[in-house]
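Structure first, then comments.
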Amino acid sequence: MTTERTRIERYDPAAIEPRWQQRWEELGLYRTDLFDTTRPPFYLLTMYDYPSGNLHVGHWYVKTPTDAVGRYRRMRGNNVFFPVGFDSFGLPAENAAIKNRIHPADWTWRNIETMRRQLRSMGASFDWNAEVVTCDPAYYRWNQWLFLRFLEAGLAYRATSPVDWCPNDGTLAREQVEGVDRHCWRCGAKVEKRDLAQWYLRITKYADELLDFGGIEWPEPIRIMQTNWIGRSEGAEVVFRSAPDTHLEGGDEIRVFTTRPDTLFGATFMVLAPEHPLVERLTSPGQRPVVEAYVAQARRETEIERLNTERDKTGVPLGADAVNPVNGERIPIWIADYVLSGYGTGAIMAVPGHDERDFAFARQFGLEIREVIRPVATFGDEQPLESAYVFKTADDVLVNSGRYNGMAAPEAIRAVTAGLEARGEGKAAVSYRLRDWLVSRQRYWGTPIPVVYCDDCGIVPLADADLPVLLPATVDYAGSGENPLAHDEAFLRTTCPRCGGPARRETDTMDTFMDSSWYWFRYLSPGKDSEPVDRALVDRWTPVAQYTGGAEHAVMHLLYSRFFTKAMADCGLVGEREPFKRLFNQGQVLGADGERMSKSRGNVEDPDALVAQYGADTVRLFLMFMGPWDQGGPWSPSGIGGVARFLNRAWTLALDPHGTEPGDATAGQLPPGEDAAAAGKAIRAAAHRTLEAVTADYEGFRFNTMVAKLMELVNLLFRYRGTEVAGDPAWDEAMRLLLLMLAPAAPHVTEELWARRLAAAGAQWTSIHRESWPEVDAAAAAVATRELPVQVNGKVRDRVEVAVGLSDAEVEALVLARPKVVAALAGKAPDRIIHAGGGRLVNIVVRG
RNA sequence: GCCGAGGUGGCGGAACGGCAGACGCGGCGGACUUAAACUCCGCUGCCCGCAAGGGCGUCAGGGUUCGAAUCCCUGCCUCGGCACCA
């Protein structure tokens, strides 16, 4: 016994997919001709990966919809460039090296090999010719070259300051320290502070420019995060002076930054950070022991303890006073760890009446709290302040502030600043939260920083001709996590490029975020060995038209990349000042437990088994179908069968339009009351309406509804399978559109079915991925009648099938005659009739 | 504490201020099969009702509107970011 369905060839992705992947590769289908000017360029970039050695579901979640976008853009006529590469320097390679006594390079390259294979199984249209691997000297020598340019331009410098120190990763940039508990972004270890001489990049020079997102289309939340991270505050710098005292001559300038110069009369004490350079000088002999003890304690404490806002405020007085420039008052100077050395000037004027932190401190130590700003509404009802009053609207006016009394706060901010400026005691100033980017890392597996230390000449940058500074091939970890370069004499010993005398190499390597800050430029000319970037190609192809990746890099990679582009532009290397024209942040796929996927949690999901069972096309489609792409969510493969069924049904429609299912009682019959002509119309209308909607969904990255609409079309065609219209021109047109619409998302099965169509028609084979995106036939998409919902007082009471294009009066006549409407009106006359949304709905309003 | 994104059936999720729950999973019923799996067809928000039908429904409470999941206000909850930044 055979049934209809067992006769057709089964959809077997395992047989189809590798075959087409190989064919595409042989044909070089996705090799982009960067010099082709006949089509508009479209640079499609997705964040490159760290070669951890295994591709998990998260990688698929980012890459396969991005690939669909690329394929869609190709069909729309763009010359699409979609490269891949590996962000291959970094700590995990070293950890593996220490643990397994294997060279980080071997470990890394082996992983890259595995991941290349896994990436190919996606069937994505990557241009492998452009591959970049950052741990390759052919790449990292240009990190060094760029570093030298930045050094020349004053954008790189070395400085000693307290830095964030992770026991595993060594120093960290500020962006790389996360959470209340101050842990390392990568390994999660608690971070401490150390005083070290380190290399920095001057990102703060671009603070204002980085706040300007003009000309780029980035998601609002990312722009807000970057804006907050940069943290621009406008205010004034005010000069206080130390007051003469028995131990002090007085007159030392103590500069403070404040956003509230209008509260200057309320400054009743000053606070310096414990690290402030004037602490030593200002401290009175009597206070010296307690001050020194406090400074030592602050130094010892971790940042976690210092930054804990729940904790009671601590601090000690220096035993010296300062003079308030506006009123000549002497106010005591304290040190306290709530004042940070790294922000503003590292010193504040404390206005306890109008700053919550100063208020808490004043309460703690019994210092004077003076009210200098008061809402107009409370005049005549003066109460002592219960908490700091921080507002500064036009209804908040100055009191106890000499000649500024009665002035509104916003105006007073300007007036007080102008007054200070006139007397040389201050000026308008801007302060930023953003710090310069600390790029030194005490690690082996990174780009060596190309400078040497000469006893005679000091810090000497290498000449371009001396690049690259190669990592030594042998690496001895000596069983510890310490930087092996620091005790590798063969590496260390060198000669000074300036005087020829003995010198020692810098042993710090660069933060791996340096690598990822310009890699997309290198994709355009990965083999070029005379320059880091090919200016002509960069000018034609950048900024990147569309970038995709996770939002977790909002203030790291995505900010550094913007900085690098601007810095490179200022060095004359590139023309554009923004790297990525459009950015889309897809959501994160979490483990089944709802937590972030990680090896340590053991909740990492590999798609391999699913790919083996269902094929890459089904996995791709399922990931797109799960939900909105920017949402992500916990991983659950429970719905994948539905997507697999959908592709199977499409397969069946394509190969066996005339077949029927024995289990279907109505199989082979047109819907009741429909003839062949009507059925053909309905099929064409559905196909073209689907095309219209699917096109909009691809444009808007709404892949979940895109898939849903294709499912609807397949469901509809399935109802006509085996009927007299199956296989006729309308049906065939719908099938053609279906395959074209599905091609970007499910490239293998559509290629297979397309090839069979062409073969059946006796036509020569061409790839479906070289086809153009079809045009909507508006006439075909139009429908003659529609179901009109009828509301009475906003509640749906009836639905009427009406011809499209009736006048309002005709619709009203029709609708008011309906028994259900009559019943709902209960004899009352309509008060108003609203025809909403161009005839989409009627609402009859009755009163009483 | 501040900033951002959310809260819709048993589940993932649809819905230009206009038919809430598209599409899929799961569930129920049926067909096909010796049987099962596969496949196909139908039903499936909750409550009342034999039915026709009716009522209630988008975190909670208010408001705007002929009409609110959608806009506004208040509150609660979840997730992400920042966190003594003067």
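First the proteins, then the strands, lettered A, B, ... as listed; each starts at 1.
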Contacts under 3.5 angstrom, residues 643-650 of chain A side chains, donor-acceptor by atom type, not counting sequence neighbours:
| unit_1 | atom_1 | unit_2 | atom_2 | d |
| --- | --- | --- | --- | --- |
| A:N648 | ND2 | A:A644 | O | 3.2 |
| A:R649 | NH2 | A:N715 | OD1 | 3.1 |

Identify every side-chain donor-acceptor pair in residues 260-270 of chain A under 3.5 Å, counting partners at least two apart or on other chains, and give the distances.
| unit_1 | atom_1 | unit_2 | atom_2 | d |
| --- | --- | --- | --- | --- |
| A:R260 | NE | A:D262 | OD1 | 3.0 |
| A:R260 | NE | A:D262 | OD2 | 3.3 |
| A:R260 | NH1 | A:V390 | O | 3.1 |
| A:R260 | NH2 | A:D262 | OD2 | 2.9 |
| A:R260 | NH2 | A:F391 | O | 3.4 |
| A:T263 | OG1 | A:R260 | O | 2.8 |
| A:T268 | OG1 | A:E368 | O | 2.7 |

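Listed pair A:R645 / B:rU39 meets the phosphate criterion, a side-chain N or O lying under 4.0 Å from OP1 or OP2. In terms of phosphate contacts, A:R797 brings no side-chain nitrogen or oxygen within less than 4.0 Å of OP1 or OP2 of B:rG53.
When both distances must be under 3.5 Å, the Watson-Crick or G-U wobble mate of B:rC28 is B:rG42. Nucleotide B:rG53: paired with B:rC48 (Watson-Crick or G-U wobble, both distances less than 3.5 Å).
Near RNA chain B, meaning a heavy atom under 4.0 Å away, the residues from residues 703-716 of chain A are A:N704, A:T705, A:A708, A:M711, A:E712, A:N715.
Sequence neighbours left out, the pairs with a member in residues 220-235 of chain A that pass salt bridge (Lys or Arg N to Asp or Glu O under 4.0 Å) are A:D208-A:R232, A:E220-A:R223, A:R232-A:E234. Pairs passing the salt bridge (Lys or Arg N to Asp or Glu O under 4.0 Å) check and including a residue from residues 709-718 of chain A, sequence neighbours excluded, read A:D697-A:K709.
Judged as a side chain to side chain donor-acceptor pair (under 3.5 Å), and not counting sequence neighbours, A:N704 has no contacts. Listed by chain and number, the residues in a ring pair (Phe, Tyr, Trp, His ring centres under 6.0 Å) with A:Y560 are A:W437, A:F513 (sequence neighbours excluded). For the salt bridge (Lys or Arg N to Asp or Glu O under 4.0 Å) test, residues two or more places apart in sequence or in another chain that qualify with A:R818 are A:D798.
Residue A:Y432 is classed as having no contact, given no heavy-atom separation below 4.0 Å to the nucleic acid.
To the nearest 0.5 Å, atoms CG (A:L655) and OH (A:Y11) are separated by 11.5 Å.
When the nucleotides B:rG81, B:rC3, B:rC84 are ranked by their closest atom to the side chain of A:I224, B:rC3 comes out on top.
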For nucleotides 62-66 of chain B, tabulate all protein N/O to nucleotide N/O atom pairs closer than 3.5 Å, reporting atom names and distance.
| unit_1 | atom_1 | unit_2 | atom_2 | d |
| --- | --- | --- | --- | --- |
| B:rC66 | O2 | A:N843 | ND2 | 2.5 |

